Colleague: 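Supplied in structure tokens, the structure appears directly below.
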Amino acid sequence: MSTLVVVGAQWGDEGKGKVVDALAKSAQVVARYAGGNNAGHTLVVGDRKIVTHLVPSGCAYRGTLCVLGAGMVIDLDVFHDEVADLQKGGMLQNGELRVSLDAHLIFPFHRLLDGAREDKAKGGAREIGTTRRGIGPAYEAKAARRGIRVRDIFNPERLRARLEHNLASLGPELARLGVQAIDIEAEMSRAASWATWLQPLCCDTGELVYSATRGGQSVLIEGAQGALLDLDHGTYPYVTSSNTIAGGACTGLGIGPTAIDAVWGITKAYTTRVGAGPFPTRLTCETGDLIRKHGAEFGATTGRPRDCGWLDLPALRHAARRNGLTGLCVTKLDVLAHLPRVEVCTGYVDDCMPGVHDFSECRPVYRALEGWGDPSLPKQIGAARKLTELPAPARAYLDMISEFTGVEITLVSVGPKRSQTIPIRDAF
Ligand code: GDP
Ligand code: IMO
Ligand code: MG
């Protein structure tokens with residue numbers, strides 16, 4: 001029994017939902033620690049596709065406790081609808097959900113502000129390409145100590161004071177951007193309408209996770225976004241507004257580093273990015289289009305087409321080090337089998353180094369690999385259930401990733417379904 005953190009090791013959408021769902025089979029608790037409904041995590045259960053935005057991806061198992069930690073930002077409109085949908089689908093029927101009293105809330109004015117700022121920045125260097133879900137403004141309020149937390153919903157006096165503080169701070173910008181000012185009375189009644197529904201779900205989740213880890217339960221901690229979108233260690237300022245790396249699990253849940261036994265990173269067999277910012281191996285040619293087509297690379301949250309490119313090994317090594325990875329899960333290996341040839345980035349021109357140089361300065365140096373574009377291969381790879389059933393070039397590819405990053409491969413995914421998983425090492 002142990003505590004395992006699973007994080008994205010690229011720019012998000014690595015397949016966290018699929019891998020967490022697969023690993024959650026043997027977990028008693030699955031907890032999220034950062035981000036909000038900017039995340040879109042896809043699980044395929046039988047022939048059903050489920051996309052979670054706020055609820056941890058352990059929700060498909062009966063009796064697995066799903067926890068939303070203090071480091072998250074929660075839009076209650078979205079959360080309520082997501083929970084209702086999952087319950088309609090037969091999930092979360094037995095009190096399997098807990099929400100931190102200390103998590104921050106996203107209000108409609110955060111969403112509007114996010115969108116209006118993006119509109120104003122459109123086409124310029126200040127455009128981040130956010131998901132427009134209000135994530136940045138909510139974390140900004142938290143850092144400015146005027147954030148509104150879950151617990152404030154149950155204290156109308158404090159809630160009103162916080163709303164007034166936000167109106168005073170944001171009023172001029174809202175007016176300048178032509179965004180409706182904060183309607184305090186409307187927000188107060190919205191909050192009152194959530195309170196009764198939310199109260200039974202709320203608790204001190206830090207204590208809950210602590211007790212689970214101390215009590216010998218298997219605890220799975222689910223990251224959102226990816227290492228290169230981390231506020232401190234990603235491609236700043238083209239990042240999200242939270243700490244996505246494994247260290248964020250400690251602050252976001254309120255557990256110490258000593259509670260964590262292992263950290264697995266997830267990487268696609270290639271790279272994708274959605275939104276603005278540097279992406280050294282981005283392919284703007286038809287190979288990029290081919291990857292997008294066969295990998296179905298369209299955002300699970302916004303539906304935007306994802307930019308696609310070759311695997312960037314130095315960036316992955318950077319992510320492995322910043323997260324302290326003890327295992328690596330490689331997803332979407334099947335997609336590369338559709339390509340006539342495969343390349344991989346093994347370094348950057350002029351010895352550019354992530355962490356020393358800005359990613360925008362890094363020009364990739366590629367190594368061409370033995371292609372595995374045989375038309376029969378995608379099927380063969382999707383049906384593999386053991387490493388030995390993979391074609392030799394695909395196995396060599398996995399070995400190369402492990403050698404370059406210095407991290408052992410613990411799981412390989414060869415399709416979106418649960419069954420299309422090659423487990424190499426037990427999670428718990
Ligand atoms: P997340 O945000 O990291 O959970 O990833 P997303 O759900 O946003 O995007 C990953 C997409 O790839 C989803 O549509 C998954 O169903 C799909 N997927 C996951 N693993 C595999 C795989 O090994 N092969 C293929 N073809 N698709 C996969
Ligand atoms: P999952 O958990 C991919 C990106 C946005 C934008 C930047 C900032 O599904 O992997 P934000 O709305 O967070 O202020 O946007 O971060 N982004 C993601 N990209 N997957 C995600 O989540 C993302 N969450 C945010 O596209 O570039
Ligand atoms: Mg996603």
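Whatever order the structure lists them in is the order used to number ligands and atoms, beginning at 1. This structure is a prediction, so every number in the text was calculated from the model and none was measured.
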Colleague: Among protein heavy atoms, which sits nearest to atom 13 (O) of ligand 2, and what does the distance come to when rounded to 0.1 Å?
Modeller: Thr240 OG1, 2.6 Å

Colleague: Which atoms from ligand 1 have a heavy atom of Gly40 less than 4.0 Å away?
Modeller: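 Taking each heavy atom of Gly40 in turn, ligand 1 has 1 (P), 2 (O), 4 (O), 6 (P), 7 (O), 8 (O) under 4.0 Å.
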
Colleague: Run the salt bridge (charged side-chain N to carboxylate O under 4.0 Å, His left out) test against Asp289 and tell me which residues pass, sequence neighbours left out.
Modeller: Arg292

Colleague: Can Lys268 and Glu297 be counted as an ion pair, charged N to O under 4.0 angstrom?
Modeller: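 Salt bridge present between Lys268 and Glu297.
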
Colleague: Name all residues meeting the ring pair (Phe, Tyr, Trp, His ring centres under 6.0 Å) criterion together with Phe359; count only those two or more places apart in sequence or in a different chain, and write none if there are none.
Modeller: His318

Colleague: Identify the heavy atoms of Ile422 and Leu387 that sit nearest to each other, and give their distance.
Modeller: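 Shortest heavy-atom separation between Ile422 and Leu387 comes out as CG2-N, 3.7 Å.
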
Colleague: At less than 4.0 angstrom from any non-hydrogen atom of Gly17, what atoms of ligand 1 do you find?
Modeller: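 Atoms satisfying the 4.0 Å criterion: 4 (O).
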
Colleague: Got the closest protein heavy atom to atom 20 (N) of ligand 2, with its distance?
Modeller: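 Ranked first by proximity to atom 20 (N) of ligand 2 is Asp13 OD1, 3.1 Å.
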
Colleague: Name the option, out of Gly415, Gly223, Gly12, that contains the heavy atom nearest to atom 22 (C) of ligand 1.
Modeller: Gly415

Colleague: With heavy atoms only and a cut-off of under 4.0 Å, state how Ala300 meets ligand 1: side chain, backbone, both or neither.
Modeller: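 The answer is the side chain.
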
Colleague: Evaluating non-hydrogen atoms only, which member of Ile381, Ile266, Asp13 is closest to atom 10 (C) of ligand 1?
Modeller: Asp13

Colleague: Do any nitrogen or oxygen atoms of Arg273 come within less than 3.5 Å of a nitrogen or oxygen of ligand 2?
Modeller: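 Between Arg273 and ligand 2 (N or O atoms, distance only) the closest approach is not under 3.5 Å.
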
Colleague: Hey, which atoms in ligand 1 end up nearer than 4.0 Å to a heavy atom of His41?
Modeller: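 Here the atoms of ligand 1 in question are 1 (P), 2 (O), 4 (O), 7 (O).
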
Colleague: Please confirm whether Arg306 comes under 4.0 Å of ligand 2, counting heavy atoms of the residue only.
Modeller: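 Arg306 does not count as a contact of ligand 2 under the 4.0 Å cut-off.
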
Colleague: Would you mind listing which atoms of ligand 1 come within a distance below 4.0 Å of any non-hydrogen atom of Gly15?
Modeller: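 Those atoms are 1 (P), 3 (O), 4 (O), 5 (O).
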
Colleague: Does the N or O separation between Ser241 and ligand 2 drop below 3.5 Å for any pair?
Modeller: no

Colleague: Which residues pass the ring pair (Phe, Tyr, Trp, His ring centres under 6.0 Å) test with Tyr270, sequence neighbours left out?
Modeller: none

Colleague: Does Gly40 come within less than 4.0 Å of ligand 2, judged by its heavy atoms?
Modeller: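 Right, Gly40 reaches ligand 2.
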
Colleague: Could you tell me which non-hydrogen atom of Cys345 sits nearest to which non-hydrogen atom of Pro364, and how far apart they are?
Modeller: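 Minimum heavy-atom separation between Cys345 and Pro364: SG-CB, 3.7 Å.
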
Colleague: Please report whether ligand 2 has a polar contact with Thr131, defined as an N or O pair separated by less than 3.5 Å (distance criterion only).
Modeller: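 Yes.
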
Colleague: Which residue and atom name correspond to the protein heavy atom nearest atom 15 (O) of ligand 2, and how close is it?
Modeller: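 Of the protein heavy atoms, Thr130 CA, 3.3 Å lies nearest.
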
Colleague: To the nearest 0.5 Å, what is the distance between CD1 on Ile260 and OG1 on Thr213?
Modeller: 9.5 Å

Colleague: Asp334 heavy atoms, cut-off 4.0 Å: which ligand 1 atoms fall inside?
Modeller: 22 (C), 23 (O), 24 (N), 25 (C), 26 (N)

Colleague: Judged on heavy-atom distance to atom 21 (C) of ligand 1, which of Gln10, Lys332, Gln225 sits nearest?
Modeller: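 Comparing heavy atoms across Gln10, Lys332, Gln225, the nearest one to atom 21 (C) of ligand 1 lies in Lys332.
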
Colleague: Can you name the atoms of ligand 1, numbered from 1 with element, that are less than 4.0 Å from a heavy atom of Ser413?
Modeller: 20 (N), 21 (C), 22 (C), 23 (O)

Colleague: Which is closest to atom 22 (O) of ligand 2 in terms of heavy atoms, His53, Arg132, Gln225, His41?
Modeller: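 Nearest heavy atom to atom 22 (O) of ligand 2 lies in Gln225.
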
Colleague: Measuring from atom 6 (C) of ligand 2, which candidate in Gly129, Gly275, Ser242 has the nearest non-hydrogen atom?
Modeller: Gly129

Colleague: Relative to the heavy atoms of Val414, which atoms of ligand 1 are at a distance of less than 4.0 Å?
Modeller: 23 (O)

Colleague: Does ligand 2 come near enough to Val274 that some N or O of the ligand is less than 3.5 Å from an N or O of the residue?
Modeller: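 By distance alone, the answer is yes.
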
Colleague: Look at atom 8 (C) of ligand 2 and say which protein heavy atom is nearest, naming residue and atom and giving the distance to 0.1 Å.
Modeller: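 For this ligand atom, the closest protein heavy atom is Val239 O, 3.4 Å.
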
Colleague: Provide, to 0.1 Å, the distance between atom 17 (N) of ligand 2 and the closest protein heavy atom, together with that atom's residue and name.
Modeller: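 Nearest neighbour among protein heavy atoms for atom 17 (N) of ligand 2, to 0.1 Å: Leu229 CD1, 3.8 Å.
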
Colleague: Measuring from atom 9 (O) of ligand 1, which candidate in His338, Arg306, Gln420 has the nearest non-hydrogen atom?
Modeller: Arg306

Colleague: What atoms of ligand 1 come within less than 4.0 Å of a heavy atom belonging to Lys16?
Modeller: 1 (P), 2 (O), 3 (O), 4 (O)

Colleague: Using atom types as modelled and distance alone, determine if a side-chain donor or acceptor of Asn323 lies under 3.5 Å from a backbone N or O of Ala320.
Modeller: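 Checked: no pair found.
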
Colleague: Which count of protein N, O or S atoms is obtained for distances strictly below 2.8 Å from the Mg ion (ligand 3)?
Modeller: 2

Colleague: Is it the side chain, the backbone, both or neither of Lys18 that has a heavy atom closer than 4.0 Å to ligand 1?
Modeller: side chain

